There are 2 protein chains.
Amino acid sequence: MDPPPGLCCNRAMPDAKPPAAGGADAAAPAAPAFSPLYQQIQALLTRSLTLGEWKPGEALPSEPELAQRFKVSQGTVRKALDALAAAGVLVRRQGRGTFVATHAEAQVQYRFLRLMPDQGVREAMRRRFLDCRRQRAPAEVARALGLGGGDSVLQIRRLLLAGEAPVVLDDIWLPARLFKGLTAERLAAYRGPMYGLFEAEFGVQMIRADEKIRAVAARADEAALLGVAEGSPLLLVERLSFTYGGRPVELRRGLYHTASHYYRNELN
Amino acid sequence: MDPPPGLCCNRAMPDAKPPAAGGADAAAPAAPAFSPLYQQIQALLTRSLTLGEWKPGEALPSEPELAQRFKVSQGTVRKALDALAAAGVLVRRQGRGTFVATHAEAQVQYRFLRLMPDQGVREAMRRRFLDCRRQRAPAEVARALGLGGGDSVLQIRRLLLAGEAPVVLDDIWLPARLFKGLTAERLAAYRGPMYGLFEAEFGVQMIRADEKIRAVAARADEAALLGVAEGSPLLLVERLSFTYGGRPVELRRGLYHTASHYYRNELN
DNA sequence: ACGCATTTGTTCGTATGTATT
DNA sequence: TAATACATACGAACAAATGCG
């Protein structure tokens, strides 16, 4: 924890306490109380991203610039950037720069959608928005999104279609406070993925998501919308999406018709 | 491509050709024809792992030793090791060493099983082996595993139970050539995950897997084994597992009863 | 078409910190 | 306490990709 042999003032954070001397060595798993320099830089970068200093798709300053700004070596900046790139927050491109990851680019369109067709390659699906209303958050939704009892949410219902066949029925809940002015018309008018709209129009960037997947039987209304028989098996995908700092900002309940599509996953 | 300013003979591979001079710069995407040093080291390490020079759970030589062996700097070795650790092939432990990843350790038991209970924490499930027979590979299985028409496979059928309730029905196909002498008795006798047995007894290490997930209706026989009504929705998880070098060595078709469990996935 | 400046990627070397035995 | 191993941090140099003049 001592400053490197170079100049003084090499610390980028207030000051980390030395690891607690003495006492039992039963270190609580969630109490490092200090962190390596590159993780501090990583936290500072994350904070700047949160504050919108660099917006999705934009380039960050070059490595030497960041090194100078934080008063650390280029290698340390690089390690922080690599970690953020590994987490999908940044994208590095040799010879061009380091960019803020975005959902709006064609190359990585539908970053979070794991549905693949049995035959052929994945193509953009058609969207049909069925509903978009503002309402008091149901208890379960409020709990998942960390909202208070009185807060309201936007509920969006939409279909994704491959050709003429409906494949996905999504119900989406968003904190109304973060998405003021979002309407079905704006959703329908936007070209590109919904998460791109969230980034560009509302400054909400989805960084990570957790999904719980089950098989369920189609209810009558769901079956009608998806064009399947009532009771047909459907994939239920409950997704909770997070923005910077691990804050949940979207709950999504998707029903996937998996007759000619499947959910793809890679394990390692 | 020139040797670094240090000593001579700094190349660890026969000799990489210089990037094709002249000609259109339309570099074919699948023809790098050369690679950075650390990737060459990574390939050499992978080869040694394939050959069993270090077995699952064992420690590799230390970084300085590997650096000396491959005639590169410790930093380059480190980058290769980090890449393999990121891929899940190795596990690094500060102060102890770098170890070959294994499916047999309690800490990471069931590396590939993403099934979680709705309530409580994940616990080891009971296994019940229903069948283990040798047969000619069905066409579909042969194709997935890259086998010839005449090759035979072992087919294993088993249940996983949480408490008394069956939750997973697995059908597993393995190339018989790689798993000579595998019987239901040996499977039942082995403590720990099946992949641990494959590692320890047959030297087959599962590195990676692809899964295709769908919702299907339970057939009569499947429903009976899982204790659900015929036609109940079940999660169908088709897994193709790979060993070193991307060689497929296991096909698995799992039916998950997702009433009180779910398939967990993280996106980023 | 060519070269130049910029930016990330790779590689080396060295020193020090932290965890484990 | 000492030895060993991985982790962090610094600095320097060159390679490869990109974009611009």
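What's counted below: heavy atoms across the whole structure, side chains too, no hydrogens, waters or symmetry copies. A note on names: the letters A, B, ... follow the listed sequences, proteins ahead of strands, and every chain is numbered from 1. It should be emphasised that the depicted structure is a prediction, and the values quoted were computed from it without experimental measurement.
For Q94(B) and dT18(C), a side-chain-to-base donor-acceptor distance below 3.5 Å is present, hydrogens and geometry of angles not being considered.
Listed by chain and residue number, nothing satisfies the salt bridge (Lys or Arg N to Asp or Glu O under 4.0 Å) test with R114(A) (two or more places apart in sequence, or in another chain). Residues meeting the side chain to side chain donor-acceptor pair (under 3.5 Å) test with R127(A), sequence neighbours left out: none. The salt bridge (Lys or Arg N to Asp or Glu O under 4.0 Å) search around R126(B) returns E164(B), not counting sequence neighbours. Residues that satisfy the salt bridge (Lys or Arg N to Asp or Glu O under 4.0 Å) test with E53(B), not counting sequence neighbours, are R69(B).
In this structure, of dG9(C), dA7(D), dT7(C), it is dA7(D) that holds the atom nearest to the side chain of E63(B). Set against dC6(D), dC10(D), dT8(C), the side chain of T98(B) has dC6(D) as its closest nucleotide. Among dA7(D), dG13(C), dT10(C), the nucleotide with an atom closest to any side-chain atom of R92(B) is dA7(D). The listed nucleotides are dC12(C), dT8(C), dA5(D); the one nearest the side chain of P64(A) is dT8(C). The listed nucleotides are dT7(C), dC12(C), dC6(D); the one nearest the side chain of S62(B) is dC6(D). Between dT18(C), dT7(C), dT10(C), one nucleotide has an atom nearer to the side chain of R78(A) than all others, and that is dT10(C).
Residue pairs meeting the salt bridge (Lys or Arg N to Asp or Glu O under 4.0 Å) criterion with at least one member in residues 188-209 of chain B, sequence neighbours excluded: R186(B)-E201(B), R208(B)-D210(B).
Here the C1' atom of nucleotide dC10(D) and the CZ atom of F70(A) are 18 Å apart, to the nearest Å. When rounded to the nearest whole Å, the span between CD1 of I41(B) and C1' of dC12(C) equals 13 Å. Atom CD in E65(B) sits about 18 Å away from atom P in dA3(D), given to the nearest Å. Residue Q42(B) contributes atom CD, which lies 14 Å from atom C1' of dT10(C) at whole-angstrom precision. L81(A) has its CG atom 8 Å from the P atom of dT8(C), to the nearest Å. Distance CD (Q74(B)) to C1' (dG13(C)): 10 Å, rounded to an integer number of Å. Atom CD of Q68(B) and atom C1' of dC12(C) are 16 Å apart (whole Å). The nearest whole Å value for the distance from the CG atom in L84(B) to the C1' atom in dC6(D) is 16 Å.
Under the 3.5 Å distance criterion, with hydrogens and angles disregarded, no donor-acceptor pair is assigned to the side chains of Y262(A) and E238(B).
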Can you pull every protein N or O that's under 3.5 Å from an N or O on nucleotides 19-21 of chain D?
{"from": "dG19(D)", "atom 1": "OP1", "to": "R96(A)", "atom 2": "NE", "distance (Å)": "3.4"}

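Not one side-chain nitrogen or oxygen of K79(A) sits closer than 4.0 Å to the OP1 or OP2 atom of dA9(D).
At a threshold of 4.0 angstrom between heavy atoms, the contacts of G97(B) are confined to the sugar-phosphate backbone, with no base atom among them.
Of the inter-residue distances, the one linking N265(B) atom CG with F112(A) atom CZ reads 11.0 Å to the nearest 0.5 angstrom.
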